[in-house]
Amino acid sequence: MDEQALLGLNPNADADFRQRALAYFEQLKISQDAWQVCAEALAQSIYSDDHIKFFCFQVLEHQVKFKYSELSEVQQQLIRETLITWLQAQMLNPQPEKTFIRNKAAQVFALLFVTEYLTKWPKFFFDILSVVDLNPRGVDMYLRILMAVDAELVDRDVVHTSEEARRNTLLKDTMREQCIPSLVESWYQILQNYQYNNSELTCQCLEVVGAYVSWIDLSLIANERFINMLLGHMSVEVLREEACDCLFEIVNKGMDPIDKTKLVESLCQVLQSAGLFSIDQEDDVDFLARFSKLVNGMGQALIASWTKLVKNGDMKSAQDTLQAIEAKVALMLQLLVHEDDDISSNIIGFCYDYLHILKQLSALSDQQKANVEAIMLAVMKKLTYDEEYNFENEGEDEAMFVEYRKQLKLLLDRLAQVSPELLLASVRRVFNTTLQNWQTTRFMEVEVAIRLLYMLAEALPVSHGAHFSGDVTKATALQDMMRTLVTSGVSAYQHTSVTLEFFETVVRYEKFFAVEPQHIPTVLMAFLDHRGLRHTSPKVRSRTAYLFSRFVKSLNKQMNPFIEDVLNRIQDLMELSPPENGYQALLSSDDQLFIYETAGVLIVNSEYSAERKQVLMRNLLTPLMEKFKVLLEKLMMAQDEDRQMALADCLNHAVGFASRTSKAFSNKQTVKQCGCSEVYLDCLQTFLPALSCPLQKEVLRSGVRTFLHRMIICLEEEVLPFIPSASEHMLKDCEAKDLQEFIPLINQITAKFKTQVSPFLQQMFMPLLHAIFEVLLLPAEENDQSAALEKQMLRRSYFAFLQTVTGSGMSEVIANQGETSQKYLRFVQKRAILKLKHIFQVQRMWNVCCSLSFKEQWITQILLHRRLVLLFFLSWWSSGEVKMDQ
């Protein structure tokens, strides 16, 4: 072998050596006999370097996986002998191989098993067992090979072809017939021999048993001698975690419901007698996490048995199984309330399914009602944040707790289905008790009390959020809690989690303020002062900006008495912050969008006259227009690229803010009723000059395009005089992304105004096509996936444009383009027809129209199949199959 190239296998080798090693590996893969050199190196232990050994196994792996059928009988026999020889050497070497080498060797064994077991090596496992016997190193490799074989056959994370799936099924069937009983016996011998003196091998063997039990005859494992041994391992600290997992797989195996109940009950009796049902918070949490998973599996297995028995009409056995389930609830609750969230999370499935059973029962016993209440209290306790939660810099642990909370919410929803009255009463009790003394209560308890009120909205759903009508008991309880929330002063609590939960809940129950509108000023002030939009935490300010927008929209006309006061109070929050002033704004530009939208909604929905609305809207937008003009001049003179980018972003924000205010309008009529058309036309005239700016074109064009989209809705035909000039600028020096974003604007105009914009389309049709094909014909790197994707998306946009034009009844726009258009249209038509003629008879149509000036008869006939043709274009041409020279 190339010794110099092998030096690159060392992790500390420099880049050139590593590149040489990689090239050497690729060379060996395509070589006809290089694998034999690697086989010899492994069989004769020529190399001591671990990375070279691993490399040799990689070469063999590639040979077995991809080129094995090309080998002769003798060569295939050589590979088998090489692996057996290497395996024999493992028991004689002074030191065991590194774990990564043993795992790679096991993978090669497994690949060879999959390839040869059914034909040339039916004694695969027996040959390995005869070599390893009970030698610890040999047993280690034997168990690793078994795990690798299981991964090849049943690993659900690996996607298999249908042929591979059939092969794997045949392999498992053959193994069940020929060798599984012998393998099971070998596992028992390994466990018996090593359970007291080699915990690592014992755990490996338990892992193998757990993996194989899902697809072998359960009676081979679920018998007295095996189960007793496994239960014995539950008392051995170093073995009990793997024993738990193994028992879980046994319990999880599908079987007759009555037999499953008997199996689970027998396991529970032994586990309980061993004292494992008494949970201590100080116990090993890693073991308890596995144990809670086992208990969850046993509980869900019993519930599945109960469901089947009820379905089969065997009510006596179903009742016995239900009693067995009830007997596990106390243990379930101990695990559910455990302070470790992983332990608690593992038992939620059992808890959820148990509540589902109770939901189906016609009446609950006193004990079942007590169980429901205990689960409810456990959920409320576990929803609570702990002291270590980092609210300002949330990491992986915090994300895991958020997911855990979602699981608990599902439990709360299920509790509401079982006993809504009990849930409402429990939440009300906790909420009132906590908020009576919120000043002296820890933040996590205050937060969870408000959170529970928030969660009731989904747990006790109603139509259109009408929580304060209908059921008097529920409406009264929710109304009392909301009144307490907004009048208690808890919004001033000095913790971000409580503040955010307050605002989230207020917005969730916005219909409360239709019932008791006297509380609106109190909540508005909370939004507007240091508790909300001016909070010290950026996270709170950002979320509050969004929630404030929702709150104002939901109140609609109820905001009338407060409009001008609110507009004055938020005025400083809407200031455009140019990059040179160095002022750190309270809100980000994204947050300011919500504030501008809120301001627009307040003005438009007010009961002011049209004249007053116009004045307020102009007061809102004029500062933006003035700042825009100044900043655009500065951008034109800016030399530094970073400064150019900062100024362009600020200009883009200004356009975005103006655009966002228009969301309060639904159409031109509402704009006219408010007298605001003139204001937005002034904005258009202010913003459009940015399109002629040669600097930062992509950013500026994006903002103006978005504004034009909104103005087409709000101003309709009044915007049309601005479109030709804007289009001309946006088609200059285009890139693929520019065109992708420009075409939807033209489509919107075309679809809305149809023949009204026919002259405009006639004028810009060829410039647009020219720009599109100019981009498509630009050469790109062969492996530049980003450029290929952009071109593919541009093709799709182009065909969407053609479909819009023809679908809007303006085919004459295409027909009137003359000979200039043929360069772009001829190849599309020709290739589409050749592809489509086997779908419907178009040859005649092709013959008639082969002169191709896009005559009316061609357009008429092709439009009959427009949808089919365009869908075909979309899927075929956008895939990149068609080239311009075709």
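If you're wondering where the values come from, they're calculated on a predicted model, not measured in any experiment.
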**Study point:** Tyr798 ring center near Phe773 ring center (under 6.0 Å)
**Key:** yes
Exercise for review: Taking the six-membered ring for Trp and the full ring for Phe, Tyr or His, determine whether the centres of Phe742 and Phe801 are under 6.0 Å apart.
Suggested key: no
Point to revise | Distance-minimising heavy-atom pair for Pro744 and Gln740 | key: CD-O, 2.8 Å
**Study point:** Heavy-atom pair with the smallest gap, counting every atom of Ala610 and Gly675
**Key:** CB-N, 4.3 Å
Review point. For the residue pair Phe657 and His653, does the interplanar ring angle fall in the parallel (under 30°), tilted (30 to 60°) or perpendicular (over 60°) class?
Key: parallel
Practice item. Take Glu152 and Asn168 through the test side chain to side chain contact (heavy atoms under 4.5 Å, CB included) and record every step on the way to the result. Key: CA-CA 8 Å; Glu152 284 292 328; Asn168 291 347; 5.9 Å; no
Treating [X] as the side-chain partner and [Y] as the backbone partner, does any N or O pair qualify as donor plus acceptor under 3.5 Å?
{"X": "Ser549", "Y": "Ala545", "result": "no"}
{"X": "Lys791", "Y": "Ala736", "result": "no"}
{"X": "Ser808", "Y": "Val805", "result": "no"}
{"X": "Arg710", "Y": "Ser662", "result": "yes"}
{"X": "Glu626", "Y": "Pro623", "result": "no"}
{"X": "Arg541", "Y": "Leu586", "result": "yes"}
{"X": "Thr804", "Y": "Ala800", "result": "yes"}
{"X": "Glu718", "Y": "Leu681", "result": "no"}
{"X": "Gln644", "Y": "Gln696", "result": "no"}
{"X": "Asp738", "Y": "Glu735", "result": "yes"}

Roughly how far apart are [X] [atom1] and [Y] [atom2], rounded to 0.5 Å?
{"X": "Leu576", "Y": "Leu651", "atom1": "CG", "atom2": "CG", "value": "8.0 Å"}
{"X": "Ser588", "Y": "Phe594", "atom1": "OG", "atom2": "CZ", "value": "9.0 Å"}
{"X": "Asp682", "Y": "Thr622", "atom1": "CG", "atom2": "OG1", "value": "8.0 Å"}
{"X": "Ser725", "Y": "Leu688", "atom1": "OG", "atom2": "CG", "value": "6.5 Å"}
{"X": "Leu720", "Y": "Phe753", "atom1": "CG", "atom2": "CZ", "value": "4.5 Å"}
{"X": "Ser811", "Y": "Leu802", "atom1": "OG", "atom2": "CG", "value": "10.5 Å"}

Practice item. Take Val601 and Thr598, measure what side chain to side chain contact (heavy atoms under 4.5 Å, CB included) needs, and give me the verdict at the end. Key: CA-CA 5 Å; Val601 168; Thr598 304; 5.7 Å; no
Check your understanding: Taking everything shown except Gln673 itself, do over 12 heavy atoms lie less than 6.0 Å from its CD?
Key -> yes
Point to revise | Enclosure of Lys754 NZ (heavy-atom neighbours >12, cutoff 6.0 Å) | key: yes
Practice item. Walk me through it: do Val604 and Val671 pass the test side chain to side chain contact (heavy atoms under 4.5 Å, CB included)? Key: CA-CA 9 Å; Val604 173; Val671 180; over 6 Å; no
Review point. Quick one: do the Tyr680 and Thr661 side chains pair a donor with an acceptor below 3.5 Å?
Key: yes
Practice item. Check step by step if salt bridge (charged side-chain N to carboxylate O under 4.0 Å, His left out) holds for Lys539 and Glu392. Key: CA-CA 8 Å; Lys539 180 179 176 181; Glu392 293 303 320; over 6 Å; no
Review point. So which of Lys663, Lys668, Gln748, Lys752 actually passes side chain to side chain contact (heavy atoms under 4.5 Å, CB included) with Ile713?
Key: Gln748
Review point. Would Arg543 and Glu504 count as a side chain to side chain contact (heavy atoms under 4.5 Å, CB included) if you check the C-alpha gap in whole Å, the side-chain angles of each, and the deciding distance to 0.1 Å?
Key: CA-CA 9 Å; Arg543 184 63 181 169; Glu504 296 280 0; 2.6 Å; yes
